[in-house]
2 protein chains.
Amino acid sequence: MPEGSSPPMGQSLLFLTDEQLRKGIEAMFFAYRGFTADPDRILAQKSYGRAHHRAIHFIHRSPGTTVNNLLSILGVTKQSLNRVLRTLIEDGLVASTVGTRDKRERHLHLTETGAALERELSDAQRDRMRAAYRAAGPAAVAGFRQVLEAMMDDETRHHYEAMKEKTE
Amino acid sequence: MPEGSSPPMGQSLLFLTDEQLRKGIEAMFFAYRGFTADPDRILAQKSYGRAHHRAIHFIHRSPGTTVNNLLSILGVTKQSLNRVLRTLIEDGLVASTVGTRDKRERHLHLTETGAALERELSDAQRDRMRAAYRAAGPAAVAGFRQVLEAMMDDETRHHYEAMKEKTE
DNA sequence: CTTGGAATGTCAACAAAGCTGACGTATTGT
DNA sequence: ACAATACGTCAGCTTTGTTGACATTCCAAG
């Protein structure tokens, strides 16, 4: 493993060793499993998948969002999103209404049923997140968020920042 | 971060509000995309996928590991892993040798070619992780790891801890 | 020693969810 | 009038997960 910074590194750079970075990578991998585990269990019972969860989550966050906007947030193709969206609309979890200003657009909202599922899913996911936050403490949480934000692609971070500001 | 000066709840619990938890959830979602983006690009060129990356990573970490052991680390079915493993073996990236003590087992090692790909992938992933770590600083990194560890399932954390101790 | 069950790994077939490409329709804006 | 945009859909392919069936190997009870 050829690594540039070998000899006289300051103590403060210890966290940049390949070993430390590898641990971070593995932590990210294993933690993401836990992160999705609880919603996945709920979704499996209702024969939905993670893709449905993501759509529901962001429609809840941005009620009235258009298909195109959702597309760029989720980073998938419209064909892929459409399949998921179609089943959610058929099952009555999502309402799609023609735009008033621009009739080409479809505005997406959660129905009562959709909102109920959203709550069930995010409650489960928040419970785990809350437990992790509580165990780690406020300082750790601040660091957690900082590192995650620094890890995003620039374009992705743009979406994240936009969502972030929406409710504060 | 212009937040948190208003609510009437104890300052120390501010990080446990639903709003904060939701931000953490979205940060996790968006950051994971960045986390896998660079390896994904490399893998796509060679017509491999994320599953191949994971197998290669953990075979590199635990040379001589058995299929069963790899299975429990990755958390997939043996049939799913087998498909990935078969192409890696056919392509000469992984060597599978029959166990000496127990001939039912197969011991897995990376070949030279396999090790080369592993280096390419983990270099790319480490580069991004390093940039994120550097931007966030050592204290944030410690918090990042703490929260991730607290987020894991118990069984998963067991695997993580085992890997962690392996090289320190 | 034999034999039946458990463990390990392989093959086959199917499902979820991503992708590309092509095309149709309605609407907008130049 | 016409090009561009937003959306939906069909067809087909890939990756990666799943279950079910099966071969091989080991071990322990009879």
Side-chain angles (χ1 to χ4, degrees), chain A residues 29 32-33 36-37 39-59 64-91 94-109, chain B residues 29 32-33 36-37 39-59 64-91 94-108 121:
Chain A
F29 169 68
Y32 200 77
R33 278 233 295 265
T36 57
D40 280 355
R41 264 187 288 276
I42 296 170
L43 290 158
Q45 289 172 350
K46 312 195 191 298
S47 33
Y48 289 132
R50 228 173 264 181
H52 301 83
H53 183 190
R54 294 198 278 265
I56 288 174
H57 175 97
F58 286 110
I59 292 173
T65 186
T66 66
V67 174
N68 243 357
N69 183 42
L70 201 51
L71 237 46
S72 79
I73 290 173
L74 294 176
V76 298
T77 60
K78 64 175 177 179
Q79 294 90 333
S80 195
L81 175 59
N82 190 258
R83 188 184 341 174
V84 167
L85 230 37
R86 189 167 41 206
T87 74
L88 290 176
I89 292 171
E90 281 171 5
D91 295 356
V94 167
S96 165
T97 63
V98 174
T100 49
R101 213 196 54 196
D102 186 334
K103 288 178 189 159
R104 291 171 302 180
E105 296 180 338
R106 300 297 137 87
H107 297 285
L108 305 170
H109 294 268
Chain B
F29 168 67
Y32 200 78
R33 278 233 294 266
T36 57
D40 279 356
R41 265 187 287 276
I42 296 170
L43 290 158
Q45 289 173 350
K46 311 196 191 298
S47 30
Y48 289 132
R50 232 175 260 181
H52 300 84
H53 183 190
R54 295 199 277 264
I56 288 174
H57 176 97
F58 286 109
I59 293 173
T65 185
T66 66
V67 174
N68 236 2
N69 183 42
L70 204 50
L71 236 47
S72 77
I73 291 173
L74 294 176
V76 297
T77 60
K78 59 182 176 174
Q79 295 88 332
S80 192
L81 175 59
N82 188 260
R83 184 184 326 123
V84 167
L85 231 36
R86 187 167 43 205
T87 75
L88 290 176
I89 292 170
E90 281 171 5
D91 295 355
V94 168
S96 164
T97 61
V98 174
T100 49
R101 216 196 52 198
D102 187 333
K103 287 178 189 158
R104 289 172 302 182
E105 297 181 338
R106 301 296 134 90
H107 297 284
L108 304 170
L121 292 169

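Any value given below was found using the heavy atoms of this structure, including those in side chains, with hydrogens, waters and symmetry copies removed. In what follows, every chain begins at residue 1, and chains take the letters A, B, ... in the order their sequences are listed.
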- prompt: A:Arg86 near the nucleic acid: base, sugar-phosphate alone, or nothing, with a heavy-atom cut-off under 4.0 Å?
  reply: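 A:Arg86: backbone/sugar contact only, no base atoms under 4.0 Å.
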task: Have a look at B:Gly75 and say if it touches a base, only the backbone sugar-phosphate, or nothing, with a 4.0 Å heavy-atom cut-off.
output: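 If one applies the 4.0 Å heavy-atom cut-off, B:Gly75 turns out to touch nothing in the nucleic acid.
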- prompt: Minimum heavy-atom separation for A:Ala55 to A:Leu81, with atom names?
  reply: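 In this case the closest contact between A:Ala55 and A:Leu81 is CB-CD1, 4.5 Å.
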field: Nearest atoms (heavy-atom pairs only) where A:Ser96 meets A:Arg106
entry: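 Minimum heavy-atom contact is OG-CB, 3.5 Å.
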message: Assess the residue pair A:Leu108 and A:Leu85 against the criterion (side chain to side chain contact (heavy atoms under 4.5 Å, CB included)); give the C-alpha distance rounded to whole Å, side-chain angles, the decisive distance to 0.1 Å, and a yes or no.
response: CA-CA 10 Å; A:Leu108 305 170; A:Leu85 230 37; 3.9 Å; yes
- prompt: Contact boundaries of DNA chain D with chain A (under 4.0 Å, heavy atoms), 5' to 3'?
  reply: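 The contacted stretch runs from D:dA4 to D:dC10.
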statement: With B for base contact, S for sugar-phosphate-only contact and - for none (protein heavy atoms under 4.0 Å), nucleotides 3-9 of chain C reads ---BBSB
- request: Find out whether B:Val94 and B:Val84 are in side-chain contact, i.e. whether some heavy atom of one side chain is under 4.5 Å from a heavy atom of the other.
  value: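 A side-chain contact under 4.5 Å is absent here.
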Report all side-chain donor-acceptor pairs from residues 46-54 of chain A shorter than 3.5 Å, counting only partners two or more places apart or in another chain.
from: A:Tyr48; atom 1: OH; to: A:Asp91; atom 2: OD2; distance (Å): 2.3
from: A:Arg50; atom 1: NE; to: A:Asp40; atom 2: OD1; distance (Å): 3.3
from: A:Arg50; atom 1: NE; to: A:Asp40; atom 2: OD2; distance (Å): 3.2
from: A:Arg50; atom 1: NH2; to: A:Thr36; atom 2: OG1; distance (Å): 3.3
from: A:Arg50; atom 1: NH2; to: A:Asp40; atom 2: OD2; distance (Å): 2.7
from: A:His52; atom 1: ND1; to: A:Gly49; atom 2: N; distance (Å): 2.9
from: A:His52; atom 1: NE2; to: A:Thr87; atom 2: OG1; distance (Å): 3.3

- request: For A:Ser80 and for B:Leu85, find the nucleotide of DNA chain C with the closest heavy atom, then tell me which residue's nucleotide is more 5'.
  value: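 The residue closer to the strand's 5' end, by nearest nucleotide, is B:Leu85.
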- request: Could you state the atom-to-atom distance from CG of A:Leu88 to P of C:dA16 in whole Å?
  value: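 Atom-to-atom, A:Leu88 to C:dA16, this comes out as 14 Å.
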Whole-Å gap separating C1' (C:dA17) and CG (A:Leu74):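 Computing the A:Leu74:CG to C:dA17:C1' distance gives 13 Å.
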field: A:His107 NE2 to A:Ile59 CD1 distance, which is reported to the nearest 0.5 Å
entry: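 Answer rounded to 0.5 Å: 13.0 Å.
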Kindly list each side-chain donor-acceptor pair under 3.5 angstrom involving residues 64-73 of chain A, sequence neighbours excluded, with atom names and distances?
from: A:Thr65; atom 1: OG1; to: A:Asn69; atom 2: ND2; distance (Å): 2.7
from: A:Thr66; atom 1: OG1; to: A:Asn69; atom 2: N; distance (Å): 3.2
from: A:Ser72; atom 1: OG; to: A:Asn69; atom 2: O; distance (Å): 3.1

- prompt: In terms of the angle between their ring planes, are B:Tyr32 and A:Tyr32 parallel, tilted or perpendicular, with boundaries placed at 30° and 60°?
  reply: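 Geometry flag for A:Tyr32 against B:Tyr32: parallel rings.
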message: Filter on salt bridge (charged side-chain N to carboxylate O under 4.0 Å, His left out), then keep only pairs touching residues 73-87 of chain B, sequence neighbours left out; what's left?
response: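 Those involving residues 73-87 of chain B do not exist here.
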query: Using a heavy-atom distance cut-off of less than 4.0 Å, which residues of residues 46-54 of chain A contact DNA chain C?
result: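 The answer is A:Gly49, A:Arg50, A:Ala51, A:His52, A:Arg54.
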